[in-house]
Each structure stands twice: as structure tokens, then as C-alpha cells.
Number of protein chains: 2
Amino acid sequence: MSHISKRNRLVLDAIIRLHHRGASAPLKRILAKTHASDLAQILSLLPPNEALEVFHAIEDTHQAADCLSELDPELRERILRETPAEALFPVLHELPPDDLTDLIAEQDPELAERLMEGLDETSQEEVEELLQYAADTAGGIMTTDVFALPEDMSVEDAVEALRGLSDVEMVFYLYVVDTGKRLLGVISLRQLLLARPEQRLAEIMNPRVIRVRTDDDQEEVARLVEQYRILAIPVVDEAGQLCGVVTMDDIVDVIQDETTEDMLKMAGTDEAEMSTQSPLKIMQIRLPWLFAAFLGGLAATAVIDHFEGLLARLLALSAFLPIVMGMAGNVGTQSATVAVRSLATGHLDLSQARGYILKELWVGLMLGVIYGIALALASLWLFGDPDLGTIVGLTILTNMTGAAVIAIILPMVFHRIGADPAIATGPFVTTAIDILGVSNYFLIASVILKVL
Amino acid sequence: MSHISKRNRLVLDAIIRLHHRGASAPLKRILAKTHASDLAQILSLLPPNEALEVFHAIEDTHQAADCLSELDPELRERILRETPAEALFPVLHELPPDDLTDLIAEQDPELAERLMEGLDETSQEEVEELLQYAADTAGGIMTTDVFALPEDMSVEDAVEALRGLSDVEMVFYLYVVDTGKRLLGVISLRQLLLARPEQRLAEIMNPRVIRVRTDDDQEEVARLVEQYRILAIPVVDEAGQLCGVVTMDDIVDVIQDETTEDMLKMAGTDEAEMSTQSPLKIMQIRLPWLFAAFLGGLAATAVIDHFEGLLARLLALSAFLPIVMGMAGNVGTQSATVAVRSLATGHLDLSQARGYILKELWVGLMLGVIYGIALALASLWLFGDPDLGTIVGLTILTNMTGAAVIAIILPMVFHRIGADPAIATGPFVTTAIDILGVSNYFLIASVILKVL
């Protein structure tokens with residue numbers, strides 16, 4: 001349920017009115033004039049039964065297809081289940097192969113099979129081909145609708161071919177292939193227009209094509225598209241044959257999804273939470289992440305219990321537990337977040353790891369000195385105990401420095417071993433910093449109070 | 001210093017070798033064959049002096065311009081300062097107006113003025129026009145190079161005009177305007193190709209153009225481009241006159257920047273940290289955010305000190321401080337992060353605030369019951385004190401529920417009053433949850449131990 005504009009609110013009201021009145025002709029006219037993306041939003045605000053009826057009133061199959069692929073998954077499933085085949089399949093055939101594949105892949109096996117059986121043979125083959133690629137690879141996000149022509153074709157014939165295209169999603173580039181369908185070069189639509197009609201495509205193409213392999217990770221695809229600022233990137237198989245193309249709008253989805261994944265992992269939950277409304281399911285998603293924090297908390301309890309004698313002697317030590325833990329946790333979150341984001345945007349290169357660690361060491365040390373002195377003075381003023389001031393001051397200094405360094409090292413280690421650096425700021429590691437911090441606090445207290 | 005590919009590493013080695021040998025002709029050939037974006041990366045890995053010399057060896061001004069706009073800011077400044085005017089300005093004139101404006105705006109006033117004076121009159125006017133818009137608005141990210149033609153022009157003449165374009169960055173759409181330059185419609189390049197030569201543009205254009213105003217926020221621009229999956233969005237002024245266009249590659253930058261900003265604010269720091277290497281500067285950026293946590297920590301200290309008598313009576317209470325605070329903090333971070341991300345991607349609509357709050361209430365309650373019982377049992381097993389078990393169990397239950405609810409409400413409140421919801425998970429609010437949690441803990445202990 002995203003934010004609804006005033007205009008869409010008016011269209012929604014009109015649709016409800018016309019639909020209730022059974023005014024079919026004006027309803028169809030207003031639907032035809034509304035953008036598919038707006039229609040999807042409007043339908044999601046109607047009761048499911050009415051949404052289904054209004055969807056059936058959309059006459060343009062292309063518009064219906066665009067609308068269908070932007071609907072909420074639940075409403076989409078309902079439409080797929082309850083629309084008669086003769087109305088449904090003309091709409092499905094308007095979908096680009098990648099969207100059609102995603103739509104079928106998200107349904108349960110029985111419905112997915114029913115949908116596959118109703119498709120024409122070409123679509124079936126396209127979907128089957130796309131289904132073999134993992135969802136988070138170039139193959140999984142590409143569309144097979146790609147505008148490719150042989151190298152020896154003339155510009156004139158290529159323009160004719162472009163005119164004849166009907167269902168290619170978005171065309172910006174013309175890819176040039178050899179007789180074995182291997183990718184040779186790329187030509188922008190504008191270059192095509194500028195060329196003389198009799199020129200061969202091989203003469204005007206740019207042979208240095210930035211490309212990805214079907215099994216490349218979608219993050220790598222996004223990185224290349226961002227780096228080279230291209231609108232579409234061709235996808236080839238291991239033999240160099242052109243299989244499809246990933247367009248910029250898919251890249252934006254990849255970037256948003258990867259970021260959501262990072263942010264939710266950093267918070268100690270999962271992107272699955274974004275797509276469910278059920279408190280029970282959300283609870284189940286969060287429960288295991290919190291278990292790490294629970295076990296860590298119990299370990300901290302055991303540490304403190306171990307130093308019971310120390311606490312009994314200087315009760316005020318417990319009053320500083322929240323600030324001693326909080327300051328280290330905060331500086332750790334700062335360092336780790338900068339590291340995770342820098343790794344995700346390609347700003348952090350592991351070959352320079354030593355420099356980054358030294359930098360964080362200095363930052364942690366400076367912040368530790370400043371807040372260590374501040375807390376020592378505050379505690380002296382509150383409790384008038386120089387020993388206590390020394391203890392809390394030294395603890396803040398060492399804990400903040402240590403947390404900053406640990407928090408920069410862990411994301412880099414996770415990245416190096418192929419794990420997701422975002423986990424490095426989740427409850428798991430935050431809790432580890434907590435335990436180390438509490439232990440360090442009581443060790444320093446033991447030394448200063450000569451209890452060891 | 002982003003990740004460097006094997007291929008770029010080889011090119012880098014070759015460039016170093018050729019440059020040291022003074023082999024100017026082969027160096028120029030290898031530079032000409034390398035993508036501007038790769039060149040920018042390679043130059044950033046050379047010592048600044050050599051990078052400057054290699055940059056001067058790039059012969060194609062267009063390639064040099066592309067490379068210049070992707071360089072590190074420090075190296076770019078050095079090139080701008082130390083390149084003779086007769087070599088520099090042909091390169092600058094190749095930059096699209098928006099990139100040229102960004103480049104000039106980031107220099108200090110003295111250098112910026114020197115650069116402005118060297119530009120030709122047209123470029124000066126374009127830059128001056130763009131400089132008047134705030135950096136985070138549609139006007140601030142648009143380019144003024146826009147392909148617009150009058151409504152009564154024929155398709156044939158439009159194709160001719162397209163052929164004549166030299167410096168328009170990326171063309172996908174042709175915008176149709178009236179004699180007052182007001183935006184009337186849009187035509188894709190493919191529609192232009194498909195039309196009959198004698199048709200007027202007004203006949204084939206799509207009059208429903210999704211557009212933004214120069215003063216619209218860049219986040220709103222990104223939202224529209226994402227929602228409608230368009231490659232470029234035209235920008236108009238208050239009179240409806242076409243001023244420029246924002247292309248998809250700029251949108252990707254906006255999305256990445258806004259996300260970085262969100263993530264770093266959530267961690268209690270600032271995106272300025274990403275662009276500096278100086279530990280002193282980073283320390284200065286983080287210091288004030290940590291001050292909120294410092295003050296909050298002192299407040300928690302005061303709360304605990306206030307309950308000194310209670311602690312003296314039941315010392316084990318202090319051993320549970322880390323887990324009691326940690327569990328609430330973690331569930332709060334989970335809720336707040338989901339809320340912040342949902343608001344940023346338009347998945348959370350304030351009109352349904354009540355539903356979201358109820359959902360989090362249930363999630364917090366369920367997690368609180370489970371972990372409350374778990375901690376009560378663990379404490380009973382560790383300390384054998386039923387009172388202590390009751391206290392920590394009830395505290396976990398109420399703290400987790402409260403934290404989940406506060407953490408969903410605050411981002412929505414921040415969003416409503418126009419502040420950035422991301423701040424709602426920073427140290428400021430985390431600390432507030434800490435203080436409430438500690439207070440609640442000791443209040444429950446007071447009641448159970450009948451000390452009140």
C-alpha cells in the first residue's frame with residue numbers, strides 16, 4: 001500500500017462510483033486512460049472481489065499485463081486463479097518473458113503448471129529457459145526479448161527490422177551477432193539513424209561490448225551498469241552466445257532489493273518481513289536472530305555474576321554498565337555500517353584493509369580519549385571516587401577503540417570468506433562486542449581495585 | 001578505490017610501463033582503447049603527478065571529459081588547477097551541462113570563477129541556470145540538454161533534427177513543445193521510426209507525460225521514475241515550460257545516495273564520512289551523534305544510582321542489565337529498520353498507521369512472552385530466586401513490547417513532521433529506549449520486592 005496521489009484518489013473514487021452503478025462503458029473509458037502502474041495501486045485499494053471485476057473491465061491486454069505485473073502478489077494470484085483462460089492468456093502473452101517467468105515462479109506448483117500449459121509454445125520455451133537460472137543471477141533477471149541482427153545486414157534492413165518489432169520491451173541498443181549467435185558488437189538506435197542506409201552493421205558497430213554471463217551475480221551486473229552508465233547490458237552464455245538483456249529498470253529493482261536485504265540483515269531480521277502482514281510470521285522471522293542476543297546477554301550475566309565480589313565492594317560499578325556498553329556499541333555500529341555500505345557500493349577495497357583498520361583505530365582512540373575523560377570527570381563529580389573515575393574512563397577508552405576496530409575488521413572478513421558483511425552488524429556481533437566490553441570493564445576494575 | 005578487475009590491472013601495468021619508458025604513441029593508443037570509466041579507476045591508482053601526465057595523454061576530448069567526471073574529487077581538482085587552459089576547456093565543453101555544473105560547484109570559489117570565465121557563453125548560461133537550483137531537487141539533478149521539437153513539425157524533419165544532434169547525452173524520448181516551449185507530449189525514438197514521414201509530431205505524441213517540477217525533491221523524482229519504469233523524466237518550471245530532463249543513470253545515483261544517507265543516519269553518523277579519509281574529520285562527524293548516547297547513558301546511570309538500595313539488597317539485578325537492555329534494543333532496531341525502509345521504498349502508508357502499530361504490538365508481545373519466560377527460567381536456574389525470575393521475565397516482556405511499539409511510532413512521527421525517519425533509529429532514540437527500559441526494570445523490581 002504505497003502512498004496514493006490526489007489524482008489517483010479521484011480516479012479511485014470515480015471507478016468505485018461507476019462500478020457500483022454498473023456503468024460499464026464510462027468505466028472502461030476511465031480505465032483505458034489510466035496508467036497501468038496507477039491502476040495497480042488503485043486495484044490494491046479496492047475489496048478483492050471488486051478489484052477482480054474492475055481488472056476484467058480493462059480492455060487493452062497490454063495495459064492489463066503491465067498492471068498485473070505491478071499488483072500485490074495476493075491479488076495477482078487471485079486474478080490468475082479466477083480469470084477464465086480465454087481472457088487470461090491473451091494478457092499473459094503480452095508480458096515480457098522475464099516478468100512472465102517471475103509471475104509463474106511465484107505461484108504454487110499446481111497453479112504454475114496450469115499456467116504453463118495454457119501458454120503458446122514459444123512462451124513455454126522462453127519461460128522454461130529462464131526458469132533454469134538462479135533468481136539472483138544475470139540469467140534470472142534478464143529478458144530474452146533482445147533485438148539482435150546479423151553482422152552483414154545493412155543499416156536500411158536493420159531499420160526495417162526495428163519497425164517490425166512488436167513485443168520487445170524497451171529498445172535502446174541493437175546487438176550485432178555472427179551466424180552462431182555470438183555477440184560481436186553494439187549499435188545505439190541513434191547511431192543506426194545517423195548511418196548511411198547501405199552501410200553494414202559490422203562497419204558501424206562498437207565491438208567493445210560490456211557484457212555479463214548468465215551465471216554472474218545480479219550484484220555484479222548492477223555494479224557494471226552503474227559503473228559504465230549503460231541502459232542495458234547483454235547477457236551471454238559460456239559459448240559467448242547472446243541469451244538476453246538486462247535493462248536499467250531491472251537494475252533499479254536489484255539495487256533496491258540488495259539494499260533492503262543489507263539493511264534488514266544489519267538490524268537482525270530478514271527481507272521476508274517486508275512481504276508479510278502476519279505478526280506470527282514476523283515473530284518467527286525475528287526469533288532466531290534474537291536468540292544470538294539472548295545467549296550473549298546470558299553470557300554477560302555470567303561475567304557480571306563472576307565479579308559479584310567486586311560489585312558488592314563498589315556498587316556504583318553497576319550504574320555505569322549501560323553507558324559503558326552503549327558507547328562501545330554505538331561506535332561499533334558507526335564503523336560497521338560505513339564498512340558494509342562501502343563494500344556494497346564498491347568504495348572499500350580489501351587490498352587496502354590495513355589502511356582502513358588503522359583509520360578506525362585512530363577514530364576509536366580519539367573518541368575514546370574524549371569520552372573517557374568526559375565520563376571520568378562526570379563520575380568523579382557524581383560519586384567523588386577517583387578509582388571509579390579511572391575505571392570508567394579507561395573502560396570507555398579501550399572499549400570504544402576495540403569496538404571500532406572489531407567493527408571494521410568483521411565486515412571485511414565476512415566479505416573475504418564470501419559471507420554477507422551486513423550480518424557483521426547484526427545482533428550476533430553486537431552481542432560479542434557487549435560481552436567483550438563487559439569483561440574488559442570488570443577486568444580493569446579488578447586491576448584498579450587490586451582485587452585480582 | 002573501488003575493486004579493480006584483472007583486466008584493468010593489466011592495463012594499469014601497461015600504462016605505467018609505457019609512461020615510464022616515455023613511449024608516447026603506444027601509450028596514447030592504449031588510452032584510446034580503454035573505457036573512460038576504467039581510465040578513471042586506473043588514474044586513481046597512479047601517483048598524482050603521473051596521473052596528471054597520463055590524463056594529458058588522452059587525446060579524445062570526449063573520452064577525457066567522461067573520465068574527468070568519474071575521477072576522485074581530489075585528483076579532479078588537481079587536473080583542473082594544473083591543466084593549461086587551451087587543453088582544459090575543450091574537455092570541459094564536452095561535459096553535459098549537469099556534470100559541468102556539479103564539477104564547478106564542488107570547487108572553491110576562486111577556482112570555480114576561473115573555470116566559469118574560460119567557458120564559452122552558452123555553457124556559462126547553462127551552468128548559471130543550473131546553479132540556481134538546490135542540489136537535491138529535480139532542477140539540481142537535471143541536464144538542460146533536452147531533445148524537444150515543436151508540435152507542428154513533421155516526422156521526417158524530426159528524424160533530420162535527431163541526426164543533427166551532437167551533444168545530447170542520451171536520447172530515448174523526443175519531447176514535443178508548443179511555441180511557448182510548454183511541454184505537450186512525448187514520443188519514443190521507436191515510435192518516431194514507426195511513424196509515416198509526413199505525420200505531424202502532434203498526431204503521434206503521447207499527451208500524458210509524466211513530469212516533475214524543477215523544485216520537486218529528488219526522492220520524489222526517483223519514486224516516479226521507479227513507479228512508471230521510464231528511462232527519463234522531463235522537468236518543467238511553474239509555467240509548464242520544459243527546462244530539462246533527468247535520466248535513469250542520475251536516478252540510480254539518487255537512490256544510492258539517499259540509501260547511504262539513510263543507513264549512516266541510522267547508525268548515528270553522516271554520509272560525509274564516506275568521502276573523507278581523515279580520522280580527525282571522521283571523529284568530528286561522529287562526536288556529536290555519540291553525545292546523545294553519552295547524555296542518555298549518564299541518565300541511565302542516575303536511574304540505577306537512584307535504586308542503589310534495591311541493588312544492595314539484590315545484587316544479581318545488575319547481572320541482568322545487559323540482557324534486559326540488549327533484547328529491547330534489538331527488537332527496537334528490527335522494528336525501526338523495517339519502518340524506515342518501508343517508508344523509503346513507499347511500502348508504508350501513514351493512513352494505515354494504526355494497523356502497523358497493532359502489528360508491532362503483537363510481534364513485540366509474542367517475542368516478549370517467549371524470551372520473558374526463557375529468561376525467567378534461565379535466571380531461576382542460575383540464581384534459584386523466584387522473585388528475580390519474575391522481575392526479569394516481566395521486564396523482558398514489557399521492554400520488548402514497548403520497544404517494538406516505540407520503534408514503529410517514532411519513524412512515522414518523524415516522517416509526518418517532515419524529518420528524516422532514519423534518525424529515529426540513531427543513538428538518540430536507541431538511548432531513549434535504554435533509559436525507559438532501565439527505569440521500567442527497577443520499577444518492576446521495586447514492586448515485586450515491595451520496596452516502594
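In what follows, every chain begins at residue 1, and chains take the letters A, B, ... in the order their sequences are listed.
- Chosen from L311(B), L382(B), L317(B), the residue pairing most often with chain A at heavy-atom distances under 4.5 Å is L311(B).
- At a 4.5 Å heavy-atom cutoff, S188(A) makes no contact with chain B through either its backbone or its side chain.
- For chain A, no part of L365(B) is nearby; none of its heavy atoms comes within less than 4.5 Å.
- Panel note: side chain T301(A), backbone F320(B); no donor-acceptor pair is recorded below 3.5 Å.
- When G355(A), S335(A), A344(A) are compared by the number of non-hydrogen pairs under 4.5 Å with chain B, S335(A) comes out ahead.
- Residues P322(A) and V438(B) share a closest heavy-atom pair of CG-CG2, 4.5 Å.
- Counted by atom type alone, Q334(A) and E273(B) present zero donor-acceptor pairs between their side chains at under 3.5 Å.
- Of the atoms belonging to D253(A), it is side-chain heavy atoms, and not backbone ones, that fall under 4.5 Å from chain B.
- Residue V331(B) touches chain A through both its backbone and its side chain, counting heavy-atom pairs closer than 4.5 Å.
- With rounding to the nearest 0.5 angstrom, the CG atom of L231(B) is 8.0 Å from the OG1 atom of T247(A).
- Sorted by first and then second residue, the salt bridge (charged side-chain N to carboxylate O under 4.0 Å, His left out) pairs with a member in residues 359-369 of chain A read E360(A)-R286(B); sequence neighbours excluded.
- Both the backbone and the side chain of E308(B) come within contact range of chain A, with heavy atoms under 4.5 Å apart.
- How far CZ of R208(A) is from NE2 of H35(B): 8.5 Å, rounded to the nearest 0.5 Å.
- Per-residue counts of heavy-atom pairs under 4.5 Å with chain A were compared for T333(B), V225(B), T259(B), T269(B); the largest is that of T259(B).
- Counted by atom type alone, Q41(A) and Q227(B) present zero donor-acceptor pairs between their side chains at under 3.5 Å.
- Looking at V324(A), there are no atoms closer than 4.5 Å to chain B (heavy atoms on both sides), in backbone or side chain.
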Evaluate Y228(B) against D38(A) for side chain to side chain contact (heavy atoms under 4.5 Å, CB included), listing each step before the verdict.
CA-CA 9 Å; Y228(B) 294 106; D38(A) 294 321; 2.5 Å; yes
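- Within the 4.5 angstrom heavy-atom criterion, only side-chain atoms of L321(B), from C-beta onward, approach chain A.
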Apply side chain to side chain contact (heavy atoms under 4.5 Å, CB included) to the pair R341(B) and Q256(A), showing each step before the final yes or no.
CA-CA 10 Å; R341(B) 188 63 186 152; Q256(A) 294 284 34; 2.9 Å; yes
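- Between L315(B) and L315(A), the closest side-chain pair of non-hydrogen atoms falls below 4.5 Å.
- Interface remark: L375(A) contributes backbone and side-chain atoms alike to the contact with chain B (heavy atom separation under 4.5 Å).
- Of the two parts of A374(A), the backbone and the side chain both hold a non-hydrogen atom closer than 4.5 Å to a non-hydrogen atom of chain B.
- Contact annotation for A195(A): only backbone heavy atoms (N, CA, C, O) come within less than 4.5 Å of a heavy atom of chain B.
- With a 4.5 Å cut-off on non-hydrogen atoms, F291(B) touches chain A through its backbone and its side chain both.
- Here the closest non-hydrogen pair linking L290(A) and M400(B) is CD1-CE, 3.7 Å.
- For the pair M266(A)/M266(B), no side-chain contact is recorded, criterion being any heavy-atom separation below 4.5 Å from C-beta on.
- For the residue pair I304(B) and S318(A), the shortest heavy atom distance occurs at CD1-O, 3.7 Å.
- The greatest number of non-hydrogen atom pairs below 4.5 Å with chain A, out of L287(B), D434(B), I282(B), is found for L287(B).
- E70(B) touches chain A through its side chain: at least one heavy atom from C-beta onward sits under 4.5 Å away, while N, CA, C and O do not.
- In this structure, chain B has heavy atoms under 4.5 Å from both the backbone and the side chain of D305(A).
- Using a 30° and 60° split on the angle between ring planes, F294(B) and Y371(A) fall in the tilted class, from 30° to 60°.
- When all heavy atoms of T337(A) and A267(B) are compared, the closest pair comes out as OG1-CB, 3.2 Å.
- For V252(A), the part lying under 4.5 angstrom from a heavy atom of chain B is the side chain only.
- Between I323(B) and L298(A), the shortest heavy-atom distance links the atoms CD1-N, 3.6 Å.
- Residues D66(B) and R229(A) have side chains not in contact (no heavy-atom distance under 4.5 Å, counting atoms from C-beta outward).
- Of the listed residues G297(B), A36(B), S37(B), the one with more heavy-atom pairs under 4.5 angstrom with chain A than any other is S37(B).
- Heavy-atom distances place both the backbone and the side chain of M248(B) under 4.5 Å from chain A.
- Proximity to chain B is absent for every atom of K281(A), based on heavy atoms less than 4.5 angstrom apart.
- The part of A378(A) that comes within reach of chain B is its side chain, from C-beta onward, which places non-hydrogen atoms under 4.5 angstrom from that chain.
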